[in-house]
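Every number for a ligand or one of its atoms is a count from 1 in the order of the listing. Just so you know, these numbers come straight off a predicted model, no measurement behind them.
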Amino acid sequence: MRSHTVCGVTAANQTGIPTATEANFDGLVGMTHNYAGLAAGNMASQNNAGRISNPKAAALQGIAKMEAVAALGVMQCFLPPQERPAIWVLRQNGFTGDDAKVLADAHANKPHLLAQCCSSSFMWSANAATVAPAQDARDQRTHLVVANLKSMPHRAIEPPCTHAILSAVFADRERFVVHQALPSSAQMGDEGAANHTRLFDATNSQHPATHFFVYGIDTANPQRQPKIHPARQTLQASQSVANLLQLDLAQCVFAQQHPDAIDQGVFHNDVVAVGNASTLLYHQDAWLDHDRVMDALTERVGNSFCPLAVSRDELTMAEAVSTYLFNSQLVTTTDGTMTLVCPSEVEHHARARAVAQRIQQDRRNSISRVVYLDVRESMRNGGGPACLRLRVPLAPHSDSDPSTNTLQGIHPGCIFNSQRAAQLRAWVETWYPDQLTPEDLADPMLLKRNRDALDALTKQLALPAIYPFQG
Ligand code: SUG
């Protein structure tokens, strides 16, 4: 590996105001949040299978996380949960009768299918869609391509509702295009923004942004693929997403995940890399053809490109996977510097914490602060801070001309602020169970409660009907 850890001379200028405002949309944790061991190749999901979950604590951790990130000056928004259990999926699988009978029969005969229908996996909104802002798209509109998540059955049920939610939140068709998920063929596995990073030169708004797509397998050339765990993202899907986003392909870089990394539990690229503006923090063994990838990024991102490699000597891949150092959020704060928002697992791991400190103390990059957040309930299913949020870069706007402010295109009910935080906390306290066991998932009262809770929430947020039960 050639050394790419020292940033270009212009890196110090990265403290300039970002060229585009970025909104972070966190997925609200659902009230059936549980540990069913559903995600093959995701170590935390496998290791915590069967554990009793704490949906209320999980949802409150998510709200506290949003508060902490909003306090850094980041535009914070959120997406409502999906309806669970997905009773319609049970019916598609041949279960009949009223809802209580469907649930009881599924619990008795196909408990794994019931668990899939109860997952709160939509909360990891980094997998909801891939996004490109208006300034990067040929038609000057912001594009969102819903991810098909076809590799994991419990996640493949998310896209229709994700599409309905995103269409309601980004309802302004002049500004936003919400695309349906790609067709779910073997060639088209798409896991959304978890495998996509938009890099740009914060010192030069004229320089086009670079879209970095990472895939697990090229189905036309499949010899280099993992041996143990599934590769979820295909090159073919990444290319189709880039097309739908209306990007100039000259500004896209496609890189393959290292198959050994997938086999060690790197089921998404955001487990080993995080980028912001022209900074890219990543593990040395993240990708095949490391040097080619770095050359391509250096050429496109421009002089301010600031790659920050972490070597395997500093942190093994297994440590990266268990601590989720790279699943931190890297955000530009109001003073123009960057903050690394890490899961508390990093703080409690001496070597991972040392890496975070080393990066923070190195004056050659823009990262001036590290903060630690407790998202333990999500982490136990393999979802760190970065998994919990979908980044939506917005067009640059001038405060003096509010008509150019694309925030106006976002559904106001989904914009997070202190009032909304209080409202969401009260809503969670009212509806969410403290604990959930696998048996609880078959309780018809849980389904009814979930529907009542979602109905109450969508009314509070003034959202249109987005769930199947709302007809
Ligand atoms: O798809 N876990 C999710 C975690 C997603 C993390 N997202 C990002 N890396 N962006 C997954 O593997 C576990 C559910 C369970 O086992 O009950 C789960 O789906």
Is any N or O atom of Ser119, backbone or side chain, closer than 3.5 Å to an N or O atom of ligand 1?
no
Among all protein heavy atoms, pick out the one at the shortest distance from atom 17 (O) of ligand 1; state its residue, atom name and that distance to 0.1 Å.
Ala36 N, 3.1 Å
Give the intermediate values and the outcome of side chain to side chain contact (heavy atoms under 4.5 Å, CB included) for residues Ile63 and Asp26.
CA-CA 9 Å; Ile63 294 168; Asp26 279 37; over 6 Å; no
Counting from 1, what ligand 1 atoms have a heavy atom of Gly37 closer than 4.0 Å?
15 (C), 16 (O), 17 (O)
So if I count the atoms of ligand 1 from 1 in the order they appear, which ones are less than 4.0 Å from some heavy atom of Asn34?
17 (O)
With side-chain contact (heavy atoms from CB on, under 4.5 Å) as the test, pick out the partner of Phe326 among Val355, Val310, Asn269.
Val310
With no hydrogens and no angle check, just 3.5 Å: does a side-chain donor-acceptor pair link Arg376 and Asn54?
no
Residue, atom name and distance, where the atom is the protein heavy atom closest to atom 13 (C) of ligand 1
Asn381 OD1, 3.5 Å
Give the atom numbers and elements of ligand 1 that come within less than 4.0 Å of a heavy atom of Asn127.
5 (C), 6 (C), 7 (N), 8 (C), 10 (N)
Which residue and atom name correspond to the protein heavy atom nearest atom 8 (C) of ligand 1, and how close is it?
Cys387 SG, 2.8 Å
By number and element, which atoms of ligand 1 are closer than 4.0 Å to a non-hydrogen atom of His268?
7 (N), 8 (C), 9 (N), 10 (N)
Polar atom proximity, Val271 to ligand 1 (N or O, under 3.5 Å)
no
Within the structure, does Glu191 bring an N/O atom to less than 3.5 angstrom of an N/O atom in ligand 1?
no
Side chain to side chain contact (heavy atoms under 4.5 Å, CB included) between Ile87 and Val102, worked out:
CA-CA 8 Å; Ile87 198 91; Val102 166; 3.8 Å; yes
Any non-hydrogen side-chain atom of Leu244 less than 4.5 Å from a side-chain atom of Leu182?
yes
Could you go through the ring pair (Phe, Tyr, Trp, His ring centres under 6.0 Å) check for Tyr282 and Phe212 one step at a time?
CA-CA 13 Å; Tyr282 68 96; Phe212 182 36; 8.8 Å; no
Residues Lys56, Glu429; criterion salt bridge (Lys or Arg N to Asp or Glu O under 4.0 Å); working and verdict:
CA-CA 7 Å; Lys56 187 179 282 183; Glu429 293 285 356; 3.6 Å; yes
Between Thr437 and Asp440, is there a side-chain heavy-atom distance shorter than 4.5 Å?
yes
Taking distance alone, with N or O pairs closer than 3.5 Å, would you say Asp270 contacts ligand 1?
yes
Please determine whether the number of non-hydrogen atoms from other residues, nucleotides or ligands lying under 6.0 Å from atom CZ of Arg351 exceeds 12.
yes
Who gets closest to atom 3 (C) of ligand 1 by heavy atom: Phe122, Trp124, Tyr35?
Trp124
Min N/O separation Arg155 to ligand 1 under 3.5 Å
yes
Contacts of Glu191 that satisfy side-chain contact (heavy atoms from CB on, under 4.5 Å) - sequence neighbours left out:
Asn127, Leu149, Ser151, Asn195, Arg232, Gln233, His268
Does at least one non-hydrogen atom of Arg232 fall below 4.0 angstrom from an atom of ligand 1?
yes
Looking at Gly382, which atoms of ligand 1 are within less than 4.0 Å of one of its heavy atoms?
4 (C), 6 (C)
What atoms of ligand 1 come within less than 4.0 Å of a heavy atom belonging to Ala194?
10 (N)
With heavy atoms and a 4.0 Å threshold, my read on which part of Ala126 contacts ligand 1 is side chain
Could you tell me if Asn24 and Gln329 have a donor-acceptor pair between their side chains, going purely by distance under 3.5 Å?
yes
For ligand 1 and His154, I'd like to know whether there is a polar contact (N/O to N/O, distance under 3.5 Å).
yes
Asn42 neighbourhood, listing ligand 1 atoms whose heavy-atom distance to it stays under 4.0 Å:
2 (N), 3 (C), 4 (C), 11 (C), 12 (O)
Whether Asn42 side chain and Ser45 backbone form a donor-acceptor pair below 3.5 Å
yes
Using a 4.0 Å cutoff against the non-hydrogen atoms of Ser45, which atoms of ligand 1 qualify?
13 (C), 15 (C), 16 (O)
